[in-house]
Amino acid sequence: MWDYLVRRWRVEAALWACYWNALDRDDRTSIRYCADHSLLLSAFWLVMLVGGLMAFGVVVQFLQGGCR
């Protein structure tokens, strides 16, 4: 079990590096491959989406209620 977790972490780290390097090169095929196979990237973008929506909600709430 430990070996599986270590291998999985190494694969995720390699896919993370692959994704960001592919973005720098604008290599669409590699970007899609890395994004499709990485759980870490999926979790990262989900957190970014939720964080963005929460920030948007705070701005909307401020604009609706004003500063109290």
Side-chain angles (χ1 to χ4, degrees):
M1 179 64 172
W2 182 252
D3 290 337
Y4 171 77
L5 292 174
V6 170
R7 276 194 313 263
R8 187 66 202 171
W9 174 250
R10 288 179 181 166
V11 167
E12 287 295 330
L15 287 169
W16 179 269
C18 165
Y19 181 79
W20 295 108
N21 288 333
L23 275 177
D24 286 340
R25 294 188 317 266
D26 197 30
D27 180 2
R28 298 285 178 197
T29 306
S30 294
I31 292 169
R32 176 86 341 236
Y33 179 84
C34 296
D36 286 345
H37 290 85
S38 177
L39 294 174
L40 184 62
L41 280 167
S42 298
F44 172 76
W45 286 117
L46 180 63
V47 167
M48 296 307 293
L49 175 66
V50 169
L53 289 173
M54 289 176 66
F56 180 70
V58 167
V59 170
V60 168
Q61 186 178 15
F62 175 77
L63 293 176
Q64 285 179 341
C67 189
R68 295 180 195 187

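Val60 and Leu63 are assigned to two separate hydrophobic clusters, defined by single-linkage of ILVMFWY side chains at heavy-atom distances under 4.5 Å. Hydrophobic clustering places Leu23 together with Leu41 (ILVMFWY residues linked when any side-chain heavy atoms are closer than 4.5 Å, directly or through intermediates).
Residues passing the salt bridge (charged side-chain N to carboxylate O under 4.0 Å, His left out) test with Asp3: none are found, sequence neighbours excluded. Qualifying side chain to side chain donor-acceptor pair (under 3.5 Å) partners for Asp24, counting only residues two or more places apart in sequence or in other chains: none. Under the side chain to side chain donor-acceptor pair (under 3.5 Å) criterion, Arg25 pairs with Asp27, not counting sequence neighbours. Annotation: side-chain contact (heavy atoms from CB on, under 4.5 Å) contacts of Val58 (sequence neighbours excluded): none. Residues forming a salt bridge (charged side-chain N to carboxylate O under 4.0 Å, His left out) with Arg28 (at least two apart in sequence, or on another chain): Asp26.
Listed by first then second residue, pairs satisfying salt bridge (charged side-chain N to carboxylate O under 4.0 Å, His left out) with a partner in residues 46-61 number zero, not counting sequence neighbours. Sorted by first and then second residue, the salt bridge (charged side-chain N to carboxylate O under 4.0 Å, His left out) pairs with a member in residues 38-53 form an empty list; sequence neighbours excluded. Screening residues 33-47 for salt bridge (charged side-chain N to carboxylate O under 4.0 Å, His left out), with sequence neighbours left out, gives Arg32-Asp36. Pairs passing the salt bridge (charged side-chain N to carboxylate O under 4.0 Å, His left out) check and including a residue from residues 45-62, sequence neighbours excluded, do not occur. Among residue pairs with one or both ends in residues 41-55, those qualifying as side chain to side chain donor-acceptor pair (under 3.5 Å) are Tyr19-Trp45; sequence neighbours excluded.
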Using residues 5-13 as the side-chain source, report each donor-acceptor pair under 3.5 Å to any protein atom, sequence neighbours left out, with the distance given to one decimal.
residue, atom, partner, partner atom, Å
Arg8, NE, Glu12, OE2, 3.4
Arg8, NH2, Glu12, OE2, 2.5
Glu12, OE1, Ser38, OG, 2.7
Glu12, OE1, Leu39, N, 3.2
Glu12, OE1, Leu40, N, 3.0
Glu12, OE2, Leu39, N, 3.2

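Listed by chain and number, the hydrophobic cluster partners of Val47 come to none, as no ILVMFWY side chain reaches under 4.5 Å of it.
When every heavy atom of Ile31 is checked against every heavy atom of Ala22, the shortest pair comes out as CG1-CB, 3.6 Å.
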